[in-house]
Amino acid sequence: MGTIHDFFTSQLLEWYKPTQRPLPWKSEKNPYYIWLSEIILQQTRVEQGRAYYEKFKKNYPTVQDLANAGEDQVLKNWQGLGYYSRARNLHQAAKYIVSDLGGKFPATHEDILKLKGVGEYTAAAIASFAYDLPFAVLDGNVFRVLSRFFGIKTPIDTGEGKKEFKKLAQKLLPPLEAARYNQAIMDFGATICMPKKPKCVSCPFRSECSAFINKNITFLPIKAKKTFKKERFFHYLRLNIGDFVYLHKRSEKDIWQHLYEFPLYEADRILDVETVKNKAFDGLLEGVNIVIKRQSKVYKQVLSHQKISAIFMEFELLDALVDRNNNWIQIKKERLKEYAFPKIIDLYLNDNSLYLNLF
DNA sequence: AAATCGGGGGA
DNA sequence: TCCCCAGATTT
């Protein structure tokens with residue numbers, strides 16, 4: 001009957017009447033495209049993900065096209081978006097759908113959840129958007145809206161919090177309007193009940209919102225953990241030999257897994273060219289004739305858990321290097337644009353002032 | 001339960 | 001600077 005929960009749900013759907021954000025995947029019913037959009041939008045703002053969604057739809061119109069692509073090619077398309085394991089999981093799941101499911105996208109919540117890279121949120125989103133199945137989404141927007149309206153102070157980044165909010169979210173979901181409700185609550189969180197400076201003046205829940213009434217808006221939702229940022233200093237060796245340049249594929253358990261980079265020497269501070277030349281790669285450069293050497297400016301990139309400073313040191317080699325561990329590949333300079341690089345290398349490669357100067 | 005995985009944007 | 005974004009996986 002007229003519970004506070006019913007009030008919330010009906011008011012939300014009323015608010016949503018005219019679609020708040022006209023997003024390209026909202027009218028979409030193809031589960032493959034919905035899946036693409038949801039993976040791309042994990043921890044990613046709508047405006048940042050939009051172009052990638054269009055690119056993937058264009059380059060991989062069907063799940064078969066994605067499955068048939070090479071992993072490096074998929075990563076190249078993902079370049080610049082971050083969280084690159086999403087791209088690899090996406091590709092792996094596409095191959096699984098084609099080989100094990102006969103190319104038919106899974107149509108139950110349980111089966112959708114089996115896809116690599118699909119967790120509780122994404123499974124609920126696909127199940128509701130594509131098949132109108134009654135599963136409530138629980139993303140950053142939902143945590144924020146519910147914690148404020150209901151005045152819930154349980155930290156959202158704990159097991160207890162996740163359980164509590166999941167139960168509440170599912171209770172609020174109108175089973176026959178799962179898709180519309182899920183989109184409504186996320187749009188509401190993104191356009192009205194924002195993290196900072198929410199638009200409470202135009203909020204239809206104002207008079208019933210616990211956080212507004214108790215002036216707790218800036219204080220909810222509560223997170224328990226704080227992040228620590230580590231500083232790192234990368235020295236990239238751009239080793240030119242004739243028309244070729246050396247590249248290395250990152251495989252260690254670290255950032256940018258499976259992306260390419262120049263041979264890297266990491267230290268606890270930025271070093272000068274001579275020091276790097278002497279120390280880097282365990283004397284690998286020894287005995288090699290170097291005709292030119294110079295360095296770029298220091299590029300900086302701040303990530304969630306680390307702050308990276310990178311400097312590119314340029315060498316023209318007359319002799320090929322001895323690659324003891326078979327870690328590096330030689331490629332033609334003009335093919336650099338075919339490889340997926342971390343942002344910081346992309347910056348360097350596209351820095352016009354340096355680029356024109358060097359080639 | 002805690003640690004990691006990116007890059008962009010707003011305040 | 002710090003926080004957050006249509007989170008998931010690994011340890």
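Each chain gets a letter, A, B and so on, in the order the sequences are listed, and its residues count up from 1. The structure presented is a predicted model; accordingly, all values stated were derived computationally and were not measured.
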Whether [X] contacts [N] is assessed here as follows: a side-chain N or O lying under 4.0 Å from the phosphate OP1 or OP2. Is that the case?
{"X": "A:Gln306", "N": "B:dC5", "answer": "yes"}
{"X": "A:Lys343", "N": "B:dG8", "answer": "yes"}
{"X": "A:Gln42", "N": "C:dG7", "answer": "no"}
{"X": "A:Trp256", "N": "B:dG7", "answer": "yes"}
{"X": "A:Gln43", "N": "B:dG6", "answer": "no"}

Nearest-neighbour nucleotide for the [X] side chain, [options] considered:
{"X": "A:Arg21", "options": "C:dT10, C:dA6, B:dG6", "answer": "C:dA6"}
{"X": "A:Thr122", "options": "B:dG7, C:dA6, C:dG7", "answer": "C:dG7"}
{"X": "A:Leu303", "options": "C:dC2, B:dG7, C:dG7", "answer": "B:dG7"}
{"X": "A:Lys197", "options": "B:dG7, B:dA11, C:dC5", "answer": "B:dA11"}
{"X": "A:Ile255", "options": "B:dC5, C:dT10, C:dC2", "answer": "B:dC5"}
{"X": "A:Lys223", "options": "B:dG7, C:dC4, C:dA6", "answer": "C:dC4"}
{"X": "A:His305", "options": "B:dC5, C:dT1, C:dG7", "answer": "B:dC5"}
{"X": "A:Asn89", "options": "C:dC4, C:dT9, B:dC5", "answer": "C:dT9"}
{"X": "A:Tyr84", "options": "B:dC5, C:dG7, B:dG6", "answer": "B:dG6"}
{"X": "A:Lys253", "options": "C:dT11, C:dA6, C:dT1", "answer": "C:dT11"}

Might you confirm whether atom [atom1] of [X] has over 12 heavy atoms from other residues, nucleotides or ligands at distances under 6.0 Å?
{"X": "A:Lys55", "atom1": "NZ", "value": "yes"}
{"X": "A:Glu160", "atom1": "CD", "value": "no"}
{"X": "A:Glu110", "atom1": "CD", "value": "no"}

Paired with A:Ser147, the side-chain contact (heavy atoms from CB on, under 4.5 Å) test is passed by just one of A:Pro155, A:Cys193, A:Pro221, namely A:Pro221
Contact class for [X] (heavy atom, under 4.0 Å): base, sugar-phosphate, or nothing?
{"X": "A:Trp25", "result": "base"}
{"X": "A:Glu120", "result": "sugar-phosphate"}
{"X": "A:Val302", "result": "nothing"}
{"X": "A:Gly80", "result": "sugar-phosphate"}

Do A:Phe8 and A:Phe150 have their ring centres less than 6.0 Å from each other?
yes
Check salt bridge (Lys or Arg N to Asp or Glu O under 4.0 Å) between A:Arg50 and all other residues, then give those that pass, not counting sequence neighbours.
A:Glu47
With salt bridge (charged side-chain N to carboxylate O under 4.0 Å, His left out) as the criterion, how do A:Lys229 and A:Glu231 come out once you've worked through the C-alpha distance, each side chain's angles and the decisive distance to 0.1 Å?
CA-CA 7 Å; A:Lys229 204 163 285 183; A:Glu231 268 204 272; over 6 Å; no
Any strand is fair game: report the nucleotide pairing with C:dT10 by Watson-Crick or G-U wobble, both distances under 3.5 Å, or none.
B:dA2
Per the atom types in the model, does the base of B:dG6 pair as donor or acceptor with the side chain of A:Ser304 at under 3.5 Å?
yes
Any donor-acceptor N/O pair under 3.5 Å between C:dC4 base and A:Arg144 side chain
no
Interatomic distance at C1', B:dA3 relative to C:dA6, whole Å
23 Å
P atoms of B:dG6 and C:dT11, separation to the nearest Å:
15 Å
Distance in angstrom units between [X] [atom1] and [N] [atom2], rounded:
{"X": "A:Ile156", "N": "C:dC3", "atom1": "CD1", "atom2": "C1'", "result": "12 Å"}
{"X": "A:Lys225", "N": "C:dC4", "atom1": "NZ", "atom2": "P", "result": "13 Å"}
{"X": "A:Phe228", "N": "B:dC5", "atom1": "CZ", "atom2": "C1'", "result": "17 Å"}
{"X": "A:Met194", "N": "C:dA6", "atom1": "CE", "atom2": "P", "result": "11 Å"}
{"X": "A:Gln257", "N": "C:dA8", "atom1": "CD", "atom2": "C1'", "result": "14 Å"}
{"X": "A:Asp254", "N": "C:dT11", "atom1": "CG", "atom2": "C1'", "result": "16 Å"}
{"X": "A:Arg86", "N": "C:dG7", "atom1": "CZ", "atom2": "C1'", "result": "9 Å"}
{"X": "A:Leu36", "N": "C:dA6", "atom1": "CG", "atom2": "C1'", "result": "14 Å"}

Of A:Thr158 and A:Leu81, whose nearest nucleotide on DNA chain B comes first from the 5' end?
A:Thr158
Whichever of A:Lys226 and A:Phe341 has the more 5' nearest nucleotide on DNA chain B, that residue is A:Lys226
First encountered from the 5' end of DNA chain C, between A:Ser85 and A:Pro221
A:Pro221
Single hit among A:Phe149, A:Tyr181, A:Phe205 for ring-ring contact (aromatic ring centres under 6.0 Å, His included) with A:Phe188
A:Phe205
